[in-house]
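For the numbers below, each heavy atom of this structure counts, side chains included, while hydrogens, waters and symmetry mates do not. Remember, it's 1-based here, ligands and their atoms both numbered in the order they're listed.
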Amino acid sequence: SDSTNLLSNVKFEVEEWAKAQMKEIERLKELERYRKEFVGNVSHELKTPIFNIQGYILTLIEGGLEDPKINMLYLKRTEKSIDRMISIVEDLESINKLESGELMLNPVKFDIVKTAKDVFEMEQWQAQERDISLEIVTPPVKPIFVRADRNRILEVMTNLVVNAIKYGKKGGFVHISFHDLDDNIMVEISDNGIGIEKKNLPRVFERFYRVDKSRSREQGGTGLGLSIVKHIIEAHNQSINVRSVLDQGTTFNFTLEKAK
Ligand code: ADP
């Protein structure tokens, strides 16, 4: 009859509503877990330099500030720890802006080959320290015009190049190449360094993820760089990928929109 029909319709709708509510609760729980983990990671990362600074200052106080050599040593260490805290806080600010959508992109037409050259020029000193050669390997190297936020893409390329140097091989290379994909340009940055194990590969874009925590921290790494990089590329509606062979090297590639 009509009334049983109506009743079963109502029952169906209530059930659907309850399912949707359950789903929303699951989503909120997941967000809450994520937030807790994030706060935990941040405080953990900041604790190390803070405790270090406390230790250096106590040493100075208790040592009576007599030996100028020791004073200088501990002051330099203090300054290094402060530097580290600053870079963590700056990375956090970037992530926050990117995730809240507060960061507006300012797309302009520019030559990506020139940007690559600028990045190499700025990072040359770091490469020299590890005897690594920086090369643009796509011939012929003429301008390639893309449309994107130039400063943000500069940040992306700087991050990838600095990583390639940090985790690269002493005496090795960092190569940048450009590939024409019709609508897009693909930029590849590769090194012949330590590589990343297959099982860790999908995790490198996660916040705070580092394959080797002590090595990364020693190099001044926070584990936030690649998650910022991914955010920026995705904000451009483009994609970023990585492939790697342990002990042989790593290649990151990302796409950009061609400028008309
Ligand atoms: P970090 O500040 O630790 O460098 P990133 O987010 O930039 O953080 O990178 C995350 C982790 O991915 C690094 O700690 C490192 O283990 C790994 N990684 C990134 N780039 C490379 C690379 N070119 N070769 C090998 N490992 C890399």
Side-chain angles (χ1 to χ4, degrees), residues 34 37-38 40-42 44-49 80-81 83-99 116 119-120 122-124 126-127 129-137 152-177 186-235 239-254:
Y34 191 62
E37 193 185 312
F38 185 63
N41 277 329
V42 172
H44 179 83
E45 288 307 315
L46 286 173
K47 245 188 206 160
T48 312
K80 221 175 150 187
S81 294
D83 234 33
R84 179 154 180 81
M85 297 199 304
I86 290 174
S87 66
I88 294 171
V89 171
E90 278 176 354
D91 279 354
L92 287 172
E93 279 174 354
S94 288
I95 289 215
N96 209 18
K97 275 192 191 152
L98 286 161
E99 293 198 341
V119 172
F120 274 172
M122 282 184 293
E123 305 309 329
Q124 185 57 45
Q126 285 207 62
E129 274 184 355
R130 310 207 62 224
D131 192 24
I132 287 174
S133 71
L134 305 176
E135 287 166 65
I136 293 174
V137 292
R152 289 287 154 184
I153 297 304
L154 187 75
E155 190 180 339
V156 164
M157 291 184 81
T158 304
N159 243 302
L160 294 176
V161 167
V162 169
N163 276 349
I165 295 170
K166 277 197 314 197
Y167 306 109
K169 184 180 166 181
K170 266 206 166 130
F173 62 76
V174 175
H175 287 167
I176 296 185
S177 59
M186 186 169 83
V187 183
E188 282 207 318
I189 296 173
S190 50
D191 64 67
N192 60 339
I194 62 171
I196 303 163
E197 229 178 313
K198 203 174 182 160
K199 68 167 204 274
N200 298 326
L201 218 45
R203 303 201 56 195
V204 295
F205 294 109
E206 287 173 21
R207 297 151 154 184
F208 292 109
Y209 183 77
R210 291 167 303 188
V211 177
D212 180 346
K213 291 208 190 314
S214 61
R215 179 184 179 127
S216 160
R217 197 172 288 130
E218 213 174 274
Q219 313 259 16
T222 58
L224 289 169
L226 286 179
S227 64
I228 293 173
V229 161
K230 193 171 158 84
H231 268 304
I232 293 174
I233 297 298
E234 286 179 349
S239 58
I240 178 160
N241 285 294
V242 57
R243 53 180 200 275
S244 185
V245 179
L246 194 63
D247 291 328
Q248 291 195 23
T250 304
T251 299
F252 282 90
N253 66 60
F254 63 92

Counting only nitrogen or oxygen atoms and a 3.5 angstrom limit, does [X] reach ligand 1?
X: S227; value: no
X: Y209; value: no
X: Y167; value: yes
X: V204; value: no
X: R210; value: no
X: I194; value: no

Worksheet item: Got a second to check how far I233's CD1 is from I228's CD1, nearest 0.5 Å?
Response: 13.0 Å
Response to the item:
Distance col, row I194:CD1 vs Q248:CD, nearest 0.5 angstrom, shows 13.5 Å
Worksheet entry | Donor + acceptor pair across side chains of N200, Y209 (<3.5 Å) | yes
Worksheet item: For the residue pair F252 and F205, does the interplanar ring angle fall in the parallel (under 30°), tilted (30 to 60°) or perpendicular (over 60°) class?
Response: perpendicular
Discussion item. Under a 4.0 Å threshold between the charged nitrogen and the carboxylate oxygen, would E37 count as salt-bridged to R207?
Written reply: no
Measure [X] to ligand 1 on non-hydrogen atoms and call it side chain, backbone, both or neither using the 4.0 Å cut-off.
X: F205; answer: neither
X: V229; answer: neither
X: I196; answer: side chain
X: L226; answer: both

Worksheet item: Counting distance only, does the side-chain N/O of N241 pair as donor-acceptor with the main-chain N or O of N253 below 3.5 Å?
Response: no
Discussion item. Among L224, I86, N96, which residue satisfies the side-chain contact (heavy atoms from CB on, under 4.5 Å) criterion with D91?
Written reply: L224
Fill in: Chi angles and distances behind the side chain to side chain donor-acceptor pair (under 3.5 Å) call for E135, S133
CA-CA 6 Å; E135 287 166 65; S133 71; 3.1 Å; yes
Item to complete: Could you establish whether G223 and ligand 1 come within less than 4.0 Å of each other, counting only heavy atoms on the residue side?
Response: yes
